[in-house]
Amino acid sequence: MIVIIDFGSQTTHLISRRLREISIETIIVEPEEYFEITNDFLVSGIILSGGPGDAYKKDALTIDPKILEMNIPVLGICYGEQVIAQVLGGAVKPGVKKEYGPATLEITHTSLLFQNLKSKIQIPKSISVWMNHGDEVGKLPDGFQTIGKTDTIPYAAIADESRKIYGIQFHPEVVHTQFGMQILKNFAAICGLEPKDQPITKEFIDEQILDIKESVGKEQVIGALSGGVDSSIACLMVHRAIGDQFTAIYIDSGLMREGETEELKKVFSDTYKMKVLIVDAQDEFIQNLKGITDPEKKRKIIGKTFIDVLEREAKKLSATFLVQGTIYPDVIESAGTKHAKNIKSHHNVGGLPEHMNVVLLEPLRNFYKDEVRAIGTLLSLPKEITHRHPFPGPGLAIRIIGEVTPEKIRIVKAADKIVRDEIHEAGLDDSLWQVFAVFTGIKTTGVRGDNRAYGETIAIRAVESLDVMSSNFAKLPWNVLEKISVRIVTEVTEANRVVYDITNKPPGTVEWE
Ligand code: XMP
């Protein structure tokens, strides 16, 4: 197996997931526990992940230097490259220019790490890579040579081929890095392993369903169903496993998209014959959000209100298990690993009070969204469910900047419906990860008829992504944007300006709050 030492990067698990896709077993360990954990394993290679720290600082996370002396191939990614430089006598410094997003890597030397990047890649040749760093290697350790550089950094890829130690400043695990998967395959081959493609299979899903059935026994199970892809697929998996022993609870927070509640009822109750309990809690949510403007506070309050309502309903049903549609990015973005920084508090992660006395069932906890969709397809779910655009747990509240009021919800709902209708009409649903409207809270001057108008600014966010650890803003056709804009300012009379968000992630997250 390959051991991944985690320095807290948002993409550590993505490395593991990419390796799983090519049948390579991995284990993720904290830097300080490497020897303790790997004692009984046959380790073929080590990957040092990225991380938010500064490798040159005194108390920075690092590794025991012995790890680099074991004759086991090592690949350092981003912060991991910097750790290698720092530990082996090179140096790391704050970058003059920080890089977040795409960059061009010029491959300057042949290397085992850069083999088979399609025959058209001759040396020197450029590939597109994904960067996310502030610091950089400033001095190479002895024995290393540069194998790739960018316009901004001279040591973007380094190697000591004799010791099989490699460092790359970019992220091969992110889909935006061209040939990223091949680079990981190359590293696996350097480790003496045989990478083989391995997609998620029907047998794998059957095993998971059997697992759920066995762990639940004859107990009652409830599930928080939001109508989003994740909770829908998680609930349907459990429904497949135990049928009527399962009741889905849908909490109508009033923060859902237009028409959501009705549609959900139709799909799950009528088509799938699932027991669905719809709880109207709109007033409770609005009341709890009164006067709150801080995004993290909003998220926490919404999370708590969901739990309160769920707890009340769960008591009535005396359930032993609770199904949640938590997927891997929710875990990692809520600082689910020891050294990761908290980016946003995802309300569906780990927020259950202990006294609630239910056991969590999270069948999708280790999967990324595209894998979840593949699971849905293997369960024969229709595309309308498996390929729905995701919708965040805190709903429209995190798309309303400032205090959430019924009036603002009404405005953003109406604008959002127009955005989604026009995107659907233009046949663009499948090319986008998500598309929605944001109530920015900025009022601007306009003119309506012959009068001055002072109205709201609506922003449109449309992104493309595969696993949402990174995403690009969509280059929507101008005519579609124009149609959306004209319809919003005409039909939503409180709005007199529409803007388009052209920020990639990183550094911008998908949701505004
Ligand atoms: P960000 O804004 O973090 O969003 O780039 C990444 C993806 O996650 C969704 N999202 C959430 N999903 N609970 C969820 O279930 C949450 O609290 C939450 N916050 C963001 C977001 O819509 C995007 O698809």
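Numbering of ligands and ligand atoms starts at 1, following listing order. Hydrogens, waters and symmetry mates play no part in the numbers below; they use all other heavy atoms, side chains included.
For the ligand labelled ligand 1, residue R299 lies inside the 4.0 Å heavy-atom shell. Within the structure, the closest approach of W433 to ligand 1 falls below 4.0 Å when heavy atoms are considered.
Atom-to-atom distance recorded for H171:NE2 and N132:CG is 5.0 Å, nearest 0.5 angstrom. Rounding to the nearest 0.5 Å places CD1 of I460 at 8.5 Å from CG of D416.
For ligand 1, the atoms lying closer than 4.0 Å to a non-hydrogen atom of P394 are 13 (N), 16 (C), 17 (O). Which parts of ligand 1 touch K505 is read off a 4.0 Å heavy-atom cut-off, strictly below it: atoms 1 (P), 3 (O), 5 (O), 6 (C).
At under 3.5 Å, a nitrogen or oxygen of G393, whether backbone or side chain, sits near a nitrogen or oxygen of ligand 1. Every N/O-N/O distance between F391 and ligand 1 stays at or above 3.5 Å.
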Derivation and outcome, side chain to side chain contact (heavy atoms under 4.5 Å, CB included), residues R373 and H387
CA-CA 7 Å; R373 291 197 165 121; H387 284 72; 3.9 Å; yes

Stepwise side-chain hydrogen bond (donor to acceptor under 3.5 Å, both in side chains) test for S16 and T26:
CA-CA 6 Å; S16 151; T26 58; 3.2 Å; yes

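In summary, E260 and R388 engage in a salt bridge, as defined by a charged side-chain N under 4.0 Å from a carboxylate O.
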